[in-house]
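Any value given below was found using the heavy atoms of this structure, including those in side chains, with hydrogens, waters and symmetry copies removed.
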Amino acid sequence: MAEITLNEMEISAIGEVANISLGNAATALGILLHDDIDISIPKVEVKQKGDIIKNQQYNSVITRVNYIKGIQGYSILFLKEEDVKIMTDLMMGSDGYGMFYQQDLSELHLSAVSEAMNQMMGSAATAMGIMLDRLVDISTPETVHKNAGEYVKYEFPNDDRFVQITFDVKLGKLIVTEMIQMYPYVLAKAIADLFLLKKEAEKDM
């Protein structure tokens, strides 16, 4: 049976990959939103599925991308409703608090954020590929507005553990928030192993 946690070296490896790939993602998002974006150093934790379901009983905008080349699995990104409305308003050329912010969350908001996540996660995958020494490609993102815990409960019946990456995001003067990205445990372990193998190979060169 697989061990239920990651060692310090593996957590550090995932944190390093996440830091670079999410940094690239933030740059792409900043260009799309016409503003500067800063992200904190990511916090990496192993989470049991039951704990996620219990602790994330709130509605969230959830974007899933599947990795279709280089690695196998998927990534989930959780965004707050308020942040999505600000992002959509900015993408539509307003100041973040205009008409699209004032509207209830709709298909338009989900479509806009899905496009933003396509740019963001595409840049993250490219950066990850460089760090893992292989081409990493993603599917078109799927974005839904659902209860976060219920989403995890029903969408992933075969995964009981996840690696959660939490990072603070500052978008200009408008958004100071927390975003959560999750990988299934098996994929996170594979990313850590690939990164550590590459670093070891570089030492021997």
Side-chain angles (χ1 to χ4, degrees), residues 14-42 60-101 103 105-132 134-146 148 151 155 164-184 187-188 191:
I14 292 167
E16 197 169 337
V17 172
N19 196 32
I20 299 295
S21 58
L22 291 171
N24 274 42
T27 300
L29 187 60
I31 292 168
L32 203 59
L33 302 183
H34 315 292
D35 213 334
D36 293 328
I37 294 187
D38 295 314
I39 65 167
S40 67
I41 294 171
S60 186
V61 175
I62 307 160
T63 297
R64 171 181 174 166
V65 295
N66 296 317
Y67 293 98
I68 57 176
K69 188 179 287 185
I71 53 177
Q72 288 189 326
Y74 57 86
S75 164
I76 323 163
L77 191 68
F78 297 90
L79 304 172
K80 293 177 182 173
E81 296 171 331
E82 173 98 347
D83 299 342
V84 167
K85 292 204 285 185
I86 293 173
M87 287 165 60
T88 302
D89 200 61
L90 287 169
M91 287 176 71
M92 295 299 176
S94 187
D95 64 357
Y97 292 103
M99 180 174 72
F100 298 100
Y101 172 76
Q103 293 173 354
L105 210 62
S106 67
E107 284 300 320
L108 184 144
H109 294 90
L110 297 185
S111 177
V113 82
S114 195
E115 173 55 32
M117 292 304 105
N118 195 26
Q119 301 280 338
M120 186 175 172
M121 300 311 291
S123 294
T126 299
M128 183 189 288
I130 292 167
M131 298 184 79
L132 302 183
R134 57 181 57 203
L135 179 65
V136 174
D137 202 3
I138 60 167
S139 65
T140 302
E142 303 164 7
T143 302
V144 295
H145 179 219
K146 285 188 176 179
Y151 179 84
E155 288 292 322
Q164 178 175 301
I165 300 162
T166 308
F167 52 104
D168 296 323
V169 179
K170 184 179 179 188
L171 167 58
K173 298 182 177 65
L174 295 178
I175 299 178
V176 180
T177 191
E178 182 182 84
M179 291 186 185
I180 294 173
Q181 183 182 27
M182 289 197 321
Y183 295 111
L187 174 58
I191 289 170

**Q** For residues 69-81, dump all side-chain donor-acceptor pairs below 3.5 Å to protein atoms at least two apart in sequence or in another chain.
**A**
unit_1	atom_1	unit_2	atom_2	d
Y74	OH	D159	OD2	2.6
S75	OG	Q181	NE2	2.8
E81	OE2	H145	NE2	2.5

**Q** How many angstroms lie between atom CD of E178 and atom OG of S40, to the nearest 0.5 angstrom?
**A**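 Answer rounded to 0.5 Å: 8.5 Å.
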
**Q** Please examine the side chains of D95 and D89, heavy atoms only from C-beta on, and report whether any two atoms are closer than 4.5 Å.
**A**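 Yes, their side chains come closer than 4.5 Å.
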
**Q** For Y151, give me all partners under ring-ring contact (aromatic ring centres under 6.0 Å, His included), at least two apart in sequence or on another chain.
**A**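 Y151 satisfies ring-ring contact (aromatic ring centres under 6.0 Å, His included) with F156 only.
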
**Q** Who passes side-chain hydrogen bond (donor to acceptor under 3.5 Å, both in side chains) against E82, sequence neighbours left out?
**A**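 Scan of E82 (side-chain hydrogen bond (donor to acceptor under 3.5 Å, both in side chains), adjacent residues dropped) gives Y101.
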
**Q** Quick one: which residue pairs count as a side chain to side chain donor-acceptor pair (under 3.5 Å) with a foot in residues 22-39, not counting sequence neighbours?
**A**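 Non-adjacent pairs meeting side chain to side chain donor-acceptor pair (under 3.5 Å): zero.
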
**Q** List the residues meeting side-chain hydrogen bond (donor to acceptor under 3.5 Å, both in side chains) with S106, not counting sequence neighbours, and say none if there are none.
**A**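 For S106, the residues satisfying side-chain hydrogen bond (donor to acceptor under 3.5 Å, both in side chains) (neighbours in sequence not counted) are H109.
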
**Q** Listing request: all side chain to side chain donor-acceptor pair (under 3.5 Å) pairs with a residue in residues 112-123, at least two apart in sequence or in separate chains.
**A**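 Matches after skipping sequence neighbours: S114-T143, E115-Q119.
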
**Q** Which atom pair, heavy atoms only, marks the closest approach of I37 to V169?
**A**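 Heavy atoms only, the tightest pair is CG2-CG1, 3.9 Å.
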
**Q** Do other residues, nucleotides or ligands put more than 12 heavy atoms under 6.0 Å from the CD1 atom of I41?
**A**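 No.
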
**Q** Compare every heavy atom of L33 with every heavy atom of M91, then report the nearest pair and how far apart it is.
**A**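 Heavy-atom minimum between the residues: CG-CD2, 3.3 Å.
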
**Q** Do the side chain of S111 and the main chain of E107 share a donor and acceptor less than 3.5 angstrom apart?
**A**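 Side chain of S111 to backbone of E107, a donor-acceptor pair under 3.5 Å: no, none is there.
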
**Q** Would you say T88's side chain and A112's backbone share a donor-acceptor pair under 3.5 angstrom?
**A**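 No, the answer is negative, given that no donor and acceptor are paired below the 3.5 Å cut-off.
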
